[in-house]
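Below is one structure, written out as structure tokens; the observations come after it.
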2 protein chains.
Amino acid sequence: MSIQAVAAKAGVSVATVSRAFNFPDKVTRSTRELVERVARELDYVPNASARTLRTQRSRALGVVLPTLLNPTFAECLQGIARAAIAGGYAIIPVTTGYQLDEEERAVHLLLAGNVDGLILVVSNPATSAALARLRSTGTPYVLAYNRHPDHPCVTVDGEAAVADAVARLVLHGHRRIAMVSGTLAASDRAQQRYRGYRKGMADAGLKAPPLIEVPFVESAVDALAGVLQASSRPTALICSNDLLAIRSIRAAHLGGLRVPDDLSVIGFDGIALGEDLTPALTTIAQPNNDIGRHSVELLIQAMAGGTTLQADASLLLPYFFRDGESCAAARNTATD
Amino acid sequence: MSIQAVAAKAGVSVATVSRAFNFPDKVTRSTRELVERVARELDYVPNASARTLRTQRSRALGVVLPTLLNPTFAECLQGIARAAIAGGYAIIPVTTGYQLDEEERAVHLLLAGNVDGLILVVSNPATSAALARLRSTGTPYVLAYNRHPDHPCVTVDGEAAVADAVARLVLHGHRRIAMVSGTLAASDRAQQRYRGYRKGMADAGLKAPPLIEVPFVESAVDALAGVLQASSRPTALICSNDLLAIRSIRAAHLGGLRVPDDLSVIGFDGIALGEDLTPALTTIAQPNNDIGRHSVELLIQAMAGGTTLQADASLLLPYFFRDGESCAAARNTATD
DNA sequence: CTGTTAGCGCCTTCAC
DNA sequence: GTGAAGGCGCTAACAG
């Protein structure tokens, strides 16, 4: 079903049909209605690839993310999806599994797929080869969750957020506060959050114990077992993401510690599920949906202007401390 | 950067360049290497829309799902994404928020986007207008999670699964077993699972109390409060999905009941997160990733044969009873 | 084995 | 306000 068929049946030229669809005012009302009617009768749907080929715009956005198994990114993608549809764009998501070579492959794939722009969550903007190559192509893009002065980014101030959280814990009487993180090298977010932790501890005049680095989330429970049994075990844990926090709570439980009575746990991300857990997860909530939405909006805006997005378009969205039940005041301990 | 440029620089015709890429054996080794080198130098990437226009195949699959906020579907989409990439396809996901009109809009959008095939999770295959229209277009499609004799489906036997679960509970001494579900009308899955529940109860010679129907997951806690306070409250809950199970556990907790000591809770879906909760969620686990993967594989296979997928290609994958900590034997109660 | 050429369906000047 | 025609980049006959 092509524009030709519609033109023929309506007794007008293809140009008129095209205009009736794309510039309704450039055509007489009567012809427009005629064309619309015929198109409907014929179930005509404009051919996207032909249009793309002709206009050099696909109205498709590529999305590169680590995984959908972390609800954080699923929530963000949902935000992206809604905003994209609202803006008349389709999205093509690709997951990388936190692997650098997959990042490159994804960007390559998407570029070959003629996307008009890209939203990506990379491991580390400063060192990402994929990002460097992407940049050189002149395709508009925006980073989500990442933060770097040379790139347009939409995220929250993870450093300040964690420093805040530490301050809150201190206010509640905690002194032995440890941080649990995934592999630091694997993401700039983890690094920022850890910086915030150290800053928070320093500000409170506390000595920061070594970072509890968990290579695979699955091994979190094991990694924590030892730490939580020590005589000078922490009374509070700040986790670099909610999934780690959930596993930390489990580790505490397995170790015979009650949360929050014996151990306070704070997460980071604000996944929706956290509110329904028992105990409800105390966490630093990011507006995951909005991060996605704003990324799309920035991108669409830039593309409309025919430009690429600059670093100074970056958005730092507010985070929220979501009070839950996994965090409480420290009990008085003589060992302090 | 077009094929023309490559041809010119390499001193061959565009046809040769095209062949060098698509049928490497149909050109001399030397020409192929020449073309490849020049293409690399020029950073040439074949234009997807031109190819699609010419071949009438987009190598893109549309995916219609209710939401990404339920990890079940996020896990499935992850499976779809991986399998699609492996098969050389891009995916374009659209969420419907469980709304029928959004289902139609999504199908329309995707069809207009020139997808070669569709994977969808609809509310109810028997009544879906979107599905009827899709079918009439002759575009290959497959349903995931849905089950219907007239459509190709990839899912598990939800009815048998729940009946099994009831039998297990009975074996553990439970007699007052209630089911918690979302709106029955909103999904055929919920209906199947409920049928399984009634069958299981009937088989055990037990009277099934009224279904606890929760219109919005957010209201689950309220909806359950009353039921759990009653003197003849259930000793076990079978929930139609894991998110409901998690909220049911919370409701129990808020009502002063311990899980599993005072109340056993079984979920359905097998979201990964369930294993990390405390108590670890006992659930009927579906192979979410595989459901996605198989859907893609069936579709690609059918498309390769140039055919549409028939109902008899449907796949019923195995489910697993995942033992957790939210379910235990019933305590002896004189009131039984 | 390689080159020439005709469209795929659409948009967009340029005439009228 | 409408029509005619070129060409976006590519593949697939068809020739050579």
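Computed over heavy atoms, backbone and side chain alike; hydrogens, waters and symmetry mates excluded. In what follows, chains are A, B, ... by sequence order, proteins preceding strands, each numbered from 1.
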Interface residues of residues 51-60 of chain B with DNA chain D (non-hydrogen, below 4.0 angstrom): B:Arg51, B:Arg54, B:Thr55

Among D:dA5, C:dC10, D:dG9, which is the nearest nucleotide to the side chain of A:Ile3? C:dC10

Given atom CZ of A:Phe23 and atom P of D:dG1, what is their separation to the nearest angstrom? 14 Å

Does B:Ser49 use its side chain to pair, donor to acceptor, with the backbone of A:Ser49 at less than 3.5 Å? no

Check this one for me: any side-chain N or O of A:Thr28 less than 4.0 Å away from OP1 or OP2 of D:dT2? yes

What is the separation between atom CZ on A:Arg19 and atom C1' on D:dA5, rounded to the nearest whole Å? 13 Å

d(CZ, B:Arg32; P, C:dT2) in whole Å: 10 Å

Sub-3.5 Å donor-acceptor pair from the side chain of B:Ser58 to the main-chain atoms of B:Asn114, do we have one? yes

Just wondering, more than 12 heavy atoms not from B:Glu41 lying within 6.0 Å of its CD? yes

With a 4.0 Å cut-off on heavy atoms, is B:Ser49 in touch with a base, just the backbone sugar-phosphate, or nothing at all? nothing

Given B:Asn146, B:Asn124, B:Thr127, the one that forms side chain to side chain donor-acceptor pair (under 3.5 Å) with B:Asp188: B:Asn146

So, are B:Glu33 and B:Arg37 salt-bridged, with charged N and O less than 4.0 Å apart? no

Given C:dC10, C:dT2, D:dT2, which nucleotide is nearest the side-chain atoms of A:Ser2? C:dC10

For the pair B:Ser13 and B:Thr16, evaluate side-chain hydrogen bond (donor to acceptor under 3.5 Å, both in side chains) and give the outcome as yes or no after the intermediate values. CA-CA 5 Å; B:Ser13 75; B:Thr16 300; 3.2 Å; yes

A:Gln4 CD - D:dG3 P separation (whole Å): 13 Å

Check the distance between D:dC8's P and A:Asn114's CG and give it to me in whole angstrom. 15 Å

A:Phe21 CZ to C:dC10 P, straight-line distance once rounded to whole Å: 9 Å

Is it the case that more than 12 heavy atoms not belonging to B:Arg135 sit under 6.0 Å from its CZ atom? yes

Given atom CG of A:Asn22 and atom P of C:dT12, what is their separation to the nearest angstrom? 7 Å

When you measure from the side-chain N and O atoms of B:Thr16 to the phosphate of C:dG3, is any distance below 4.0 Å, counting only OP1 and OP2? yes

Length of the line joining A:Asp25:CG and D:dG1:P, which is rounded to integer Å: 9 Å

Along DNA chain C (nearest heavy atom to each residue), the more 5'-positioned of B:Val14 and A:Asn47: B:Val14

